[in-house]
Engineer: 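One structure follows; several queries about it will come next.
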Protein chains: 2
Amino acid sequence: MEETRSTTVRDVARAAGVSPGTVSKAINGTGSISPATRARVLATAEELDYRPNDLARSVFERRSFTVGMITTDSFGRFSVPVMLGAEDALGAGRISVFLCDSRDDPIRERHYIDVLQRRRVDGFIVTGRSSNPRPPLEVPRGMPVVYAHAPSTEPHATSVLIDDVRTGELATEHLIDTGRRRIAAITGPERFLAAHQRVRGHLAALAAAGLEPVRSPLGGEWTEQWGRHATHLLLREHPDIDGIMCGSDLIARGVMDSLRELGRSVPDDVAVVGIDNWELIADGARPSLTSVDTNLQELGRTAAQRLLEAIDGRPRRGAEHIAPRLVIRESTELG
Amino acid sequence: MEETRSTTVRDVARAAGVSPGTVSKAINGTGSISPATRARVLATAEELDYRPNDLARSVFERRSFTVGMITTDSFGRFSVPVMLGAEDALGAGRISVFLCDSRDDPIRERHYIDVLQRRRVDGFIVTGRSSNPRPPLEVPRGMPVVYAHAPSTEPHATSVLIDDVRTGELATEHLIDTGRRRIAAITGPERFLAAHQRVRGHLAALAAAGLEPVRSPLGGEWTEQWGRHATHLLLREHPDIDGIMCGSDLIARGVMDSLRELGRSVPDDVAVVGIDNWELIADGARPSLTSVDTNLQELGRTAAQRLLEAIDGRPRRGAEHIAPRLVIRESTELG
DNA sequence: CTGAAAGCGCTAACAA
DNA sequence: TTGTTAGCGCTTTCAG
């Protein structure tokens, strides 16, 4: 096993017959240097397959051009799009991203913070499964942190969030626009802020249109099973329902399955709209499911943007909400 | 904005009244040092909230204790579990992971390789959506690379893969074990190696049990729609079918929907088994879906293991396959 | 056991 | 324009 040491500035300098300082200038385009030597240095660098050592540079610059991304959501339903968006925005700015999965374990989180601190990351992005507030990341003051999707309990922290109220509003407005009047909501567990706020938007939209909800919203689980179950409950009480807003696409699938079973046609008898726009689920459904996209990828990109600004010394405090967007499919098409 | 420089070895040394070298020894436990000074140094370090600069250390050690993870699969269906497994295994060994999403774009891949090279990563893990072979990562010879899920076309490369043949075998053996005899397969596009190999395992299992396939396997898409469509075709030709092996869970869901529609009960009339064990899909299905888990997370962990070995100078060449595992649910329960 | 000195690879200030 | 020097933060000989 030959121990190969990668080529250094010195090597290039020696080969090109100049000093290390000159090589540095040639490569970074700093200082003043004659075009001739510049060209010669670059040529030899190329020839020797020289690759600058960014670690050494970082020691000098006192920053690493890296950030830590900490996710508490192993399964990735929500974090993954956020992380991809963030990585995309950061990568474009030549910043690299450390991936850390804390699995919702404070010990592991602490560990990652320590490790990344030693690596001198320029900042952190924190993301998680639930949009419920979480305790702040314990980093030294002055270290930039942006919360993506899961806000901090600390109100002054920088957070980029889903506009859950607006998703419920959009979904419900769309039902109304397609002529539905006897509308109900089936959503997730009460303890989830998201469930709550989506319902708030739902009720606001109904009120704005001068409609009464057919029934108080049904809260249960974020599952197909619950969607199926709730639909049975709902139709038993209100057989004349003509529109259902679901708190998630998975719930919506369950709802549509039960509707079919109960002999209701979607969208002719009942229109159904979901939230999440999880394409695989929405496209695979029968009929395909109209859904509100929460734009998680854009959320991630925005979070990255905010982190860059904070690193740059101009932090934007407080919460910011990403606008959702309606994606129309068959489940609400006008008859 | 106060420009705060983090505390250094020098600061600690000064505060503790010793030399920088001594601090280094105390903190790393290297060299010989008296218990007294050691304790004193550690105390002052603690007090000053000193955090060693790993970048500086890495410059010295000529390695960074970081690796690059390059995924070509933005959507993450397959890469995410692999990445989490890898991150888990590496994090335990105090190695940090750079996340890079190349989006299947060679230009972006090249870019990431360059950037990470400059950051002096110790190696690469490459992962992708498809299990079809991909061109090798263009890195200097001697740089450790492990392919996870998507193998390299270079046969000597180190790859850790799903045992697709075995998944098909397991699924089919299970159908046979539950007493099914008129069995068919519905799977994904022919151009996918995975589809091919799963069918190979399927046919092998049938042959081993002395059974003939009812019909040549139906290859189409990896979607619910295809599952529904194929089921109609299949039952028109062979109404007496009693077991269906599906190339994926999504296909299986479509299959089960159509079976119900055609008045067949699952599992009483027809047993259905999927592959992937995508829990959300399998648990949500009605009845819940028996499926073969491809153990992607373990695959990721193993890939990390192999990478560590390669970094350590003992690479293991060639492909290695991770054993799948059957997860039994309602869709194949014995009547 | 401890400190001084040199060096990892790179860059910025300053002389030449 | 170029080379020299010093230094980023850390570690490791090697004298003391």
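Every chain is numbered from 1 and lettered A, B, ... according to where its sequence line falls, protein lines coming before strand lines.
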Engineer: Count the heavy atoms belonging to other residues, nucleotides or ligands that lie under 6.0 Å from CZ of B:Arg10, then report whether that count exceeds 12.
Structural biologist: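 Check fails, neighbour count at 12 or below.
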Engineer: Here's a test of your reading of the structure: between A:Val9 and B:Arg40, which maps to the more 5' nucleotide of DNA chain C?
Structural biologist: B:Arg40
Engineer: The side chain of A:Pro20 is closest to which nucleotide in this list: D:dG3, C:dC1, C:dT11?
Structural biologist: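 The answer is C:dT11, which lies nearest to the side chain.
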Engineer: May I ask you to test the A:Thr153-A:Pro136 pair for a side-chain heavy-atom distance under 4.5 Å?
Structural biologist: yes
Engineer: Decide, yes or no, whether a salt bridge links A:Asp312 with A:Arg314 under the criterion of side-chain N to carboxylate O below 4.0 Å.
Structural biologist: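 Salt bridge flag = yes for A:Arg314 with A:Asp312.
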Engineer: With respect to the side chain of B:Arg5, which nucleotide from D:dG9, D:dT11, C:dC1 is positioned closest?
Structural biologist: D:dG9
Engineer: So does B:Ser24 get a side-chain nitrogen or oxygen closer than 4.0 Å to the phosphate oxygens (OP1/OP2) of D:dC10?
Structural biologist: no
Engineer: Begin with the C-alpha distance, continue with both residues' side-chain angles, and end with the deciding distance and a verdict on salt bridge (Lys or Arg N to Asp or Glu O under 4.0 Å) for B:Asp114 and B:Arg118.
Structural biologist: CA-CA 6 Å; B:Asp114 288 342; B:Arg118 295 171 60 134; over 6 Å; no
Engineer: Hey, is B:Arg108 close enough to A:Asp88 for a salt bridge, meaning N to O under 4.0 Å?
Structural biologist: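 A salt bridge is present here (some side-chain N lies under 4.0 Å from a carboxylate O).
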Engineer: Check the distance between C:dC10's P and A:Arg14's CZ and give it to me in whole angstrom.
Structural biologist: 12 Å
Engineer: Taking all non-hydrogen atoms of both residues into account, name the closest pair between B:Ser152 and B:Ser159 and its distance.
Structural biologist: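 For B:Ser152 versus B:Ser159, the nearest heavy atoms are N-OG, 3.8 Å.
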Engineer: Any base atoms under 4.0 Å from A:Val23, or only sugar-phosphate, or nothing? Heavy atoms, all strands.
Structural biologist: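 A:Val23: no heavy atom of the nucleic acid under 4.0 Å.
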Engineer: Round to the nearest Å and state the distance from B:Arg118 atom CZ to C:dG9 atom C1'.
Structural biologist: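 Atom CZ in B:Arg118 sits about 13 Å away from atom C1' in C:dG9.
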Engineer: Output a table of nitrogen or oxygen pairs between the protein and nucleotides 13-16 of chain C separated by less than 3.5 Å.
Structural biologist:
none

Engineer: Please list residues of residues 41-62 of chain B whose heavy atoms come under 4.0 Å from any atom in DNA chain D, ordered by number; otherwise none.
Structural biologist: B:Tyr50, B:Pro52, B:Asn53, B:Ala56, B:Arg57, B:Phe60
Engineer: Reading DNA chain C from 5' onward, which residue's closest nucleotide shows up sooner: A:Thr8 or B:Thr22?
Structural biologist: B:Thr22
Engineer: Grab the CD1-P distance between B:Ile33 and D:dT11 for me, whole Å please.
Structural biologist: 13 Å
Engineer: Nearest whole angstrom, please: distance from the C1' of C:dC10 to the CZ of B:Arg120.
Structural biologist: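 It works out to 11 Å between those atoms.
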Engineer: Looking at side-chain heavy atoms only, is the closest gap between B:Tyr147 and B:Arg306 below 4.5 Å?
Structural biologist: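 The answer is no; the side chains never approach within 4.5 Å.
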Engineer: Figure out the CG/P separation between B:Asn28 and D:dC10, and round it to whole Å.
Structural biologist: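 Nearest whole value for this atom pair: 10 Å.
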Engineer: Has B:Glu154 got a side-chain atom pairing as donor or acceptor with B:His156's backbone, closer than 3.5 angstrom?
Structural biologist: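 Confirmed, B:Glu154 side chain pairs with B:His156 backbone.
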Engineer: For C:dT2, does OP1 or OP2 lie under 4.0 Å from any side-chain N or O of B:Ser32?
Structural biologist: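 So the side chain of B:Ser32 is outside the cut-off, no N or O lying under 4.0 Å from OP1 or OP2 of C:dT2.
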Engineer: Going by the rule salt bridge (charged side-chain N to carboxylate O under 4.0 Å, His left out), which residues pair with A:Arg316 if we only count those two or more places apart in sequence or in a different chain?
Structural biologist: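 With sequence neighbours excluded, A:Arg316 shows a salt bridge (charged side-chain N to carboxylate O under 4.0 Å, His left out) to A:Glu309, given in chain and number order.
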Engineer: Of all the choices, C:dA4, C:dC1, D:dT4, which nucleotide is nearest to the side chain of B:Ser34 once you look at every atom?
Structural biologist: C:dC1
Engineer: Provide, to the nearest angstrom, the distance between the CZ atom belonging to A:Arg10 and the C1' atom belonging to C:dA6.
Structural biologist: 11 Å
Engineer: Under a 3.5 Å threshold, yes or no: a donor from one side chain and an acceptor from the other, between B:Arg119 and A:Ser96?
Structural biologist: yes
Engineer: If I take atom CZ in residue A:Arg38 and atom P in nucleotide D:dT1, what distance separates them, rounded to the nearest angstrom?
Structural biologist: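 The answer, rounded to whole Å, is 13 Å.
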